[in-house]
Amino acid sequence: MTTAEARKTWTPKERRNVAAAAARASIALRERSGREVPQWIRDAAEGRPTTPPAEKP
């Protein structure tokens, strides 16, 4: 997979891999800055199904 490929052609497995990589990066940034890491982000990094929390008004 290259960055030149259209995202429409990504398989579900490739999408999960990209989501997990983004979640791992988010965790690393949050931990370095001393911020809390929500469980749903940790779940995404491990490839488990997630449901993000509802938006707060």
Side-chain angles (χ1 to χ4, degrees):
M1 176 174 46
T2 66
T3 57
E5 291 181 43
R7 290 182 182 167
K8 292 179 185 177
T9 63
W10 289 2
T11 64
K13 183 180 179 186
E14 289 172 326
R15 288 181 186 273
R16 284 189 299 273
N17 288 342
V18 170
R24 286 190 300 272
S26 177
I27 289 169
L29 288 171
R30 286 171 182 258
E31 287 178 343
R32 285 184 194 140
S33 64
R35 293 174 43 203
E36 180 183 340
V37 179
Q39 185 59 43
W40 70 270
I41 295 178
R42 292 188 187 279
D43 291 343
E46 294 176 16
R48 292 190 294 241
T50 62
T51 305
E55 299 242 350
K56 296 179 183 176

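Along the sequence shown, residues carry numbers from 1.
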Checklist entry - If you look at every heavy atom in Ile41 and Ser26, which pair is closest and at what distance? => result CD1-OG, 4.1 Å
Item to check | Residue pair Ala45 / Ile27: nearest heavy atoms and the distance that separates them | outcome: CB-CD1, 3.7 Å
Next on the checklist: Applying salt bridge (Lys or Arg N to Asp or Glu O under 4.0 Å) as the test, list every pair that has at least one member in residues 27-38; sequence neighbours left out.
Outcome noted: Glu31-Arg42
